[in-house]
**Student:** 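I'd like to ask you about the structure that follows.
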There are 2 protein chains.
Amino acid sequence: MKIQNSKNKNSIIIGPAVAVDTLIFTIRDGKLMVLLIEIGSGPYKDKWALPGGIVQLNETLDEAAKNVLKKKAGIKDIYMEQLYTFSDLKRDVRGRMISVAYFALVNSDEFNLKTMDYYSDIEWINVRKLPKMAFDHKEIINYGLDRLKSKIEYSNIVYGLLPETFTLTEMQNVYEIILGEKIDKRNFRKKILALGLLTETKKVKTGAKHRPAKLYKFKKRELVFTK
Amino acid sequence: MKIQNSKNKNSIIIGPAVAVDTLIFTIRDGKLMVLLIEIGSGPYKDKWALPGGIVQLNETLDEAAKNVLKKKAGIKDIYMEQLYTFSDLKRDVRGRMISVAYFALVNSDEFNLKTMDYYSDIEWINVRKLPKMAFDHKEIINYGLDRLKSKIEYSNIVYGLLPETFTLTEMQNVYEIILGEKIDKRNFRKKILALGLLTETKKVKTGAKHRPAKLYKFKKRELVFTK
DNA sequence: TACTAAAGTGTTAATAATACACTAACAATA
DNA sequence: TATTGTTAGTGTATTATTAACACTTTAGTA
């Protein structure tokens, strides 16, 4: 390994630059949405991109991704994991740039639009109806979508998309939206409750013009594998 | 994104350096082995490390990893995938270095030791009995081991560890070595054959002092998900 | 108080996973 | 050439999991 100036922590290295790009999913209006920014100038003008930023010398990739979420989208304390590192030579026409993609889930109740109305060019976009994308960000989104579809089947990550308390029907809807298929109500409830990850609260969701639904919550809001 | 000299493809960027480290597994003497290099000088002298190298401006990460395999270990045309990107600030005391880890499988029949006897300091090491490791390479190995254990259960990647033709017992042995548990012979054969990924060759493995075993081969030696 | 709409609930059938033991075929040797 | 040792090769019964399917309950509203 060749490193110039090896005694100095802030060494200058000649090599690809490193960025993080964050893929933030949420459920809104019964659709799976992703947070995108419209680019205002430069070679990718009028195309859309994932929120991202250059990785600084004194931050890890996880920290860099958290900083992007906080600065660009005002989001913190959410589910996040590293997705994949993209490195095509031509992925950014402006220069050689490696991007470490991160994958995040938010529940749109806690994270309301007002936080970001501030930016005119940042929006939740239906992941099934993407606009013209900059860089290889369409590829990143598809990669993340595959991760989401598979991981929701063998873990409890769905908590990242749900509010603190929720009904089983709301939870089932999230599964159906992500997987793109209807699920049998009785089988779904049986299976989910058998996992033992939820506790029944003593509250119900009232106000709708039908029987009120029991509200549940996750015992622990942290990643658990279920298979 | 701040990029200096944006019209020049070979821009100079101030940021973390990027390396690839390759985690190469094989089965030898009934054990899961990993290819390690003993470091001869510097702050990590006498510790062991994964084969790795700095990522050049004109190569993708996949290419960089392939080049490492070829140059450092004389290996090519094997199963390889990106594993994870490691970025702790202190992972290399010599300076800020991000490492994209790759995960590779070879079958030790095709890849014989002679190819690399050339290097005195490169060896297959039992993954359950690792020596003192440099950097965060122990962590990378454990991460890769988890990937291997899970992926062997939902895909056909085991082909990467097997020769062109093999007996079902040999295949079962690989599963048992990786998972660290005995598997029922009849159930294993039933399940594997039901997947329909193998074809029976007309040959048998003779020479052993017992009944000869049928030789099988994979219909396709490329990644297929089985669940 | 009748109507609407989603909540809530069990059983049966089909499929998949597990547990388990003997015969077949060759090599080595007496 | 008969005997022994060693691994290859095979089927069935049990259990666990998944899939299919329809009616009653409860609040809101007219």
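None of the values given here were measured: they were computed from a predicted structure. Lettering follows sequence order; numbering is per chain, from 1.
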**Student:** Looking only at side-chain N and O atoms, does B:N187 offer a donor or acceptor that is under 3.5 Å from a partner on B:K190?
**Tutor:**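 Note: B:K190 and B:N187 side chains meet the donor-acceptor criterion.
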**Student:** Could you tell me whether the phosphate oxygens of D:dT7, OP1 or OP2, come under 4.0 Å of any side-chain nitrogen or oxygen in B:T169?
**Tutor:**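 It does not, given that no N or O in the side chain of B:T169 lies less than 4.0 Å from OP1 or OP2 of D:dT7.
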**Student:** If the condition is ring pair (Phe, Tyr, Trp, His ring centres under 6.0 Å), which residues does A:Y84 pass it with, not counting sequence neighbours?
**Tutor:**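 Residues passing ring pair (Phe, Tyr, Trp, His ring centres under 6.0 Å) with A:Y84: A:F86, A:Y143.
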**Student:** Residues from residues 171-183 of chain A sitting under 4.0 Å of DNA chain C, heavy atoms only?
**Tutor:**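 Those residues: none at all.
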**Student:** Applying side-chain hydrogen bond (donor to acceptor under 3.5 Å, both in side chains), can you list everything that pairs with A:T169, at least two apart in sequence or on another chain?
**Tutor:**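 Not a single residue meets the side-chain hydrogen bond (donor to acceptor under 3.5 Å, both in side chains) criterion with A:T169.
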**Student:** Kindly write out the residues that satisfy salt bridge (Lys or Arg N to Asp or Glu O under 4.0 Å) with B:E153, not counting sequence neighbours, or none if the list is empty.
**Tutor:**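 If we apply the salt bridge (Lys or Arg N to Asp or Glu O under 4.0 Å) test to B:E153, skipping adjacent residues, there are no hits.
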**Student:** Write down the distance between NZ (A:K191) and P (D:dA19), rounded to a whole number of angstrom.
**Tutor:**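 The distance from NZ of A:K191 to P of D:dA19 comes to 6 Å, rounded to the nearest Å.
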**Student:** Tell me, which pairs form a salt bridge (charged side-chain N to carboxylate O under 4.0 Å, His left out) where one or both residues lie in residues 134-143 of chain B, sequence neighbours left out?
**Tutor:**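 Counting only pairs at least two positions apart or across chains, the salt bridge (charged side-chain N to carboxylate O under 4.0 Å, His left out) contacts touching residues 134-143 of chain B are B:R91-B:D136.
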**Student:** Where along nucleotides 20-30 of chain D does protein come under 4.0 Å, by heavy atom, of base (B) or sugar-phosphate alone (S), with - for untouched nucleotides?
**Tutor:** BBB--BBBSS-
**Student:** Who passes salt bridge (Lys or Arg N to Asp or Glu O under 4.0 Å) against B:K214, sequence neighbours left out?
**Tutor:**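 By the salt bridge (Lys or Arg N to Asp or Glu O under 4.0 Å) rule, B:K214 matches B:E200.
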**Student:** Among residues at least two apart in sequence or on other chains, which ones pass ring pair (Phe, Tyr, Trp, His ring centres under 6.0 Å) with B:Y102?
**Tutor:**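 For B:Y102 there are no ring pair (Phe, Tyr, Trp, His ring centres under 6.0 Å) partners, ignoring immediate neighbours.
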**Student:** Which residue pairs pass the ring-ring contact (aromatic ring centres under 6.0 Å, His included) test when at least one of the two sits in residues 185-212 of chain A, sequence neighbours left out?
**Tutor:**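 Applying ring-ring contact (aromatic ring centres under 6.0 Å, His included) to every pair that reaches into residues 185-212 of chain A, excluding sequence neighbours, yields A:Y175-A:F188.
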**Student:** Using salt bridge (Lys or Arg N to Asp or Glu O under 4.0 Å) as the criterion, list what pairs up with B:K149, not counting sequence neighbours.
**Tutor:**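 Salt bridge (Lys or Arg N to Asp or Glu O under 4.0 Å) check on B:K149 returns nothing, list empty.
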**Student:** List the residues meeting salt bridge (Lys or Arg N to Asp or Glu O under 4.0 Å) with B:E170, not counting sequence neighbours, and say none if there are none.
**Tutor:**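 By the salt bridge (Lys or Arg N to Asp or Glu O under 4.0 Å) rule, B:E170 matches B:K205.
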**Student:** With heavy atoms of chain A within less than 4.0 Å as the criterion, where does contact along DNA chain C begin and end?
**Tutor:**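 Listed 5' to 3', the contact boundaries are C:dT4 to C:dT11.
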